[in-house]
Amino acid sequence: MRGLLYTLFAVLYMLITFFGLGPVLFADGSARERVFTLIVVLLIYTAVTLALRLILKRMRRR
């Protein structure tokens with residue numbers, strides 16, 4: 001069960017990296033737009049990481 005969870009979150013991190021950091025690095029928008037996108041992507045990374053930690057903590061209690 002835990003291996004499946006790690007695999008799911010690894011895929012999720014890869015998707016966030018591909019679709020989130022791609023526009024930050026390769027977009028032709030202004031610097032302001034890139035920084036805003038980077039902040040949003042970092043917030044998404046933080047939310048996913050906190051969700052993973054919460055799920056793992058709940059799994060340990062069982």
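Everything quoted here is computed from the prediction, not taken from an experiment.
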note = Value for CZ (R34) from CG (D28), rounded to nearest 0.5 Å, stands at 8.0 Å

Gap separating the CG atom of L4 from the CE atom of M1, nearest 0.5 angstrom = 6.5 Å

Counting C-beta onward and ignoring hydrogens, is there a side-chain heavy-atom pair between [X] and [Y] closer than 4.5 Å?
X: R60; Y: R2; answer: yes
X: L15; Y: F18; answer: no
X: L21; Y: Y45; answer: yes

Looking at every non-hydrogen atom in both residues, tell me the closest pair between [X] and [Y] and how far apart they are.
X: V24; Y: L38; result: CG2-N, 3.7 Å
X: L5; Y: M59; result: CD2-SD, 3.7 Å
X: T49; Y: Y13; result: OG1-OH, 2.6 Å

request  = Could you walk me through whether L50 and T46 pass side chain to side chain contact (heavy atoms under 4.5 Å, CB included), step by step?
outcome  = CA-CA 6 Å; L50 291 175; T46 303; 4.0 Å; yes

same_hphob_cluster([X], [Y]) at 4.5 Å side-chain heavy-atom cutoff:
X: L8; Y: L12; answer: no
X: V35; Y: I16; answer: no
X: F19; Y: L42; answer: no

message = Show, in sequence, the C-alpha distance, side-chain angles and deciding distance for F9 and I55, and conclude whether the side chain to side chain contact (heavy atoms under 4.5 Å, CB included) test is met.
response = CA-CA 11 Å; F9 273 86; I55 292 169; 4.0 Å; yes

